[in-house]
There are 2 protein chains.
Amino acid sequence: MTPTRKGKRRIVTLKQVAELAGVHASTVSRALNPSTRSMVMPAVVERVVKAANNLGYRPDPVAASLRTGRSALVGILVPDIANTVFAPILSGASERLSAQGYSVILADVGNDESKQIDLVTGLMARRVDGLILATVSRDDPLVAYCVEQDLPAVLVNRAETQSRLSSVVSDDTLGMKMAVDHLVELGHRRIAHLAGPARHSTGFLRRRGFTAAMTANGLDADAAPCENADAFARGAGAAAMRQLLDTSPDITAVVAANDLLALGAYDALRERGISCPGDISVIGHNDMPLVDMVEPALTTIRISHREMGRQSADLLQQAIEQHDVPVRTIVLPPQLVVRRSTAAPRMRG
Amino acid sequence: MTPTRKGKRRIVTLKQVAELAGVHASTVSRALNPSTRSMVMPAVVERVVKAANNLGYRPDPVAASLRTGRSALVGILVPDIANTVFAPILSGASERLSAQGYSVILADVGNDESKQIDLVTGLMARRVDGLILATVSRDDPLVAYCVEQDLPAVLVNRAETQSRLSSVVSDDTLGMKMAVDHLVELGHRRIAHLAGPARHSTGFLRRRGFTAAMTANGLDADAAPCENADAFARGAGAAAMRQLLDTSPDITAVVAANDLLALGAYDALRERGISCPGDISVIGHNDMPLVDMVEPALTTIRISHREMGRQSADLLQQAIEQHDVPVRTIVLPPQLVVRRSTAAPRMRG
DNA sequence: GTGAAAGCGCTAACAC
DNA sequence: GTGTTAGCGCTTTCAC
């Protein structure tokens, strides 16, 4: 009959508190809920609170959730927790969310993009109040799904082409401009781009930012060598860099779409005995942990992922609590961090 | 009256499926639940399943949870998601857990150890079926609390002194032996230890393992210099290493209790113009991402954190599903990874 | 301002 | 093997 698995866990219900306080259960509910507390006389509130404390009453969120349809639960979808870019985002978001009274259901999506919608359906069944999506591609059916289902959701780190949901991203255009400007100031002219996957906004926008920055510096962007990596991964970066070296051996600098790609480029350079920054300068993007310790210490564009996480949590809270908040895109400014992987180009005979 | 926030989300209930299938709701419940399906005639099951599919029925986990006391939810407590050690643990655990049908509630505890019990109380209110704890200290009140509350829980990465809960850890003793043996083989005799916080099993056990390994190699363990870092962090490692260099300038090698500490040691060495491995060899522990790229590439003891995560999920599943599983400790074997930070000691005048 | 009553969607005795 | 019934613990109309 009793569904509790173990004898030890006693559950104190509203009704018991009500009895002790000498009021009806519904009054207890009102007295204990901050947003309805004003309906109850202060003296009664006090009596109820005291009774609740005496009994060690803990409201049952499951029962409340069944009744209200809300859950104080937020789902966060990440493509890969082990990726050092997403961990700080998650950390920032969960910090802020728990301060706001939400718990986090974490879903590590992996590469199973097809399963994402099912996953979200499952989260909706659990009555999550909203979603933070760090997984979306530039044109992701998941976004349409959330909009359609009227499920509050915000994007973080990546954005989609149509802005149907609020998002928090870094200013990729500005970041690339900082990177290219830095190299041009050092004297570079033959600058290549190691691009990331174009299906993600980060890959796409950084590539476009690279082109724009080259043009702005009076360089022929169309002629600039560019190689696409299939993934934001070290191996993919190495492969793309090898291609680049085969095709355009005369480059003096390369702007990578992220740090992992840059590190892959290091691998390719090392294989061929090409020195960095002596022969070729390399610049990354993200400033992930430890890139200051690699050899040579990586010059890169710093993004505050943790802050992105925090802001996405704030945005989501608004989307949940107010009904019609307009879509907003928060663009965080990146920062150039100069280390040892960039230097003036070597004079050529 | 209706508690659903938005008009769009239609909820299909058991009752509706029952009507369409021409049976009672409880029959639908039985037919759809694998573990009670056998009570229902195959023909009826089929009819019910078809009706459910037609209607797009999704069982409501919240309602089920209220009734059963279970939730298919597992809480994972980590001290710091952004720490590259815990991300793969989380990744491995969540991978396995979601395959088993559980969702993960992630709690980033931070340093608020005092808040842990409250946090767990909150998770219990949400009816989590069990907990994976990556946070515990060697003598953690949280363990007693879980045992007392009869809440299934397993420890991962760290263990407690009394083994009241199952755990998955790396063989720290063996790991330290591998480290010391490696250095001794290279010819080192004056080996120091950069110890981690003794309140965590990793710090404590690795220190003890260091001592044991020194003794096993015929070296005077008591005389071996040892400095405690307050935290497993790069800054703390640097500070401890400076101490070590002040106190015992004649050491030729240092065994760090983890990679972050070893990297901190690099910082201290660099400050003083001491070369690694030329003057002093350094060995880490964990083999976290990118330590192969630092300069010099770090020799370390590899631990498969992802595998630890997976196994902890398996252990937890057993603890949840069977009532009286004995406490088990799974000890994973580490692996020596030799890179460039260790070398034969320089000859001394 | 407070009590009464209904019911969120499901499962598990208990009948038959 | 299936229907009936009774809640799980809470919130929120609706009365007064």
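Protein chains get the first letters and strands the later ones, always in sequence-line order, with residue 1 at the start of each. Just so it is clear, the model here is predicted, and its values are computed rather than measured.
- In terms of heavy-atom proximity, Cys146(A) sits nearest to Leu131(A) at SG-CD2, 4.0 Å.
- The heavy-atom pair separating Val12(A) from Tyr57(A) by the smallest distance is O-CD1, 3.2 Å.
- DNA chain C lies under 4.0 Å from at least one heavy atom of each of the following residues of residues 36-47 of chain A: Met39(A), Val40(A), Met41(A), Val44(A).
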Between protein and nucleotides 3-5 of chain D, what N or O pairs are separated by less than 3.5 Å?
residue, atom, partner, partner atom, Å
dG3(D), OP2, His24(B), N, 2.7
dG3(D), OP2, Thr27(B), OG1, 2.4
dG3(D), N7, Arg30(B), NH2, 2.7
dG3(D), O6, Arg30(B), NH1, 3.3
dG3(D), O6, Arg30(B), NH2, 3.4
dT4(D), OP2, His24(B), ND1, 3.1
dT4(D), O4, Ser26(B), OG, 3.4

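- Atom CG in Leu32(A) sits about 10 Å away from atom P in dC10(D), given to the nearest Å.
- For the pair Tyr57(B) OH and dG9(C) C1', the computed distance is 7 Å after rounding to whole Å.
- One axis for each end of the helix from dG1(C)-dC16(D) to dC16(C)-dG1(D), each built from five base pairs, and the angle between them comes to 40° at 10° resolution.
- The CZ atom of Arg127(A) sits 11 Å away from the C1' atom of dC10(C) (whole-angstrom rounding).
- Comparing atom distances between the Asp60(A) side chain and each of dA12(C), dG9(D), dT12(D) picks out dG9(D) as nearest.
- At least one donor-acceptor pair under 3.5 Å links the side chain of Arg37(A) to the backbone N or O of Ala31(A).
- Counting heavy atoms from C-beta outward, Pro79(B) and Arg158(B) have side chains that approach closer than 4.5 Å.
- Distance, Asn33(A) CG to dG1(C) P: 16 Å, rounded to whole Å.
- At distances below 3.5 Å, not a single donor-acceptor pair connects side-chain atoms of Ser166(B) with backbone N or O atoms of Val327(B).
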(request) Determine, step by step, whether Ser91(B) and Arg306(B) satisfy the side chain to side chain donor-acceptor pair (under 3.5 Å) criterion, reporting the C-alpha distance in whole Å, the side-chain angles of both residues, the deciding distance to 0.1 Å, and the verdict. (result) CA-CA 6 Å; Ser91(B) 166; Arg306(B) 181 177 216 99; 2.7 Å; yes
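- Taking 4.0 angstrom as the limit, Arg70(A) places a side-chain polar atom (N or O) nearer than this to OP1 or OP2 of dT12(D).
- Counting only heavy atoms from C-beta outward, the side chains of Ile76(A) and Leu106(B) never approach each other to under 4.5 Å.
- Under the 4.0 Å criterion applied to side-chain N and carboxylate O atoms, Arg127(B) and Asp60(A) are assigned as salt-bridge partners.
- In this structure, Arg58(B) places its CZ atom 16 Å from C1' of dC10(C), rounding to the nearest Å.
- Atom CG in Leu66(A) sits roughly 9 Å away from atom P in dC10(C) (whole-Å rounding).
- Listed pair Thr13(B) / dG9(C) fails the phosphate criterion, with no side-chain N or O lying under 4.0 Å from OP1 or OP2.
- Within a 6.0 Å radius of CZ in Arg328(A), no more than 12 heavy atoms belonging to other residues, nucleotides or ligands are found.
- Side-chain atoms of Pro152(B) and Leu316(B), non-hydrogen and from C-beta on, do get closer than 4.5 Å to each other.
- We find that CD of Gln16(A) is positioned 9 Å from P of dG9(D), with the value rounded to whole Å.
- In the set dG9(D), dT11(D), dT11(C), dT11(D) carries the atom at the smallest distance from any side-chain atom of Leu14(A).
- Here Pro59(A) lies in heavy-atom contact (under 4.0 Å) with sugar-phosphate atoms only.
- A pairwise comparison of heavy atoms in Ala87(A) and Ile81(B) identifies CB-O, 3.7 Å as the closest pair.
- Looking at heavy atoms from C-beta onward, Lys50(A) lies out of side-chain contact with Asn53(A) at the 4.5 angstrom threshold.
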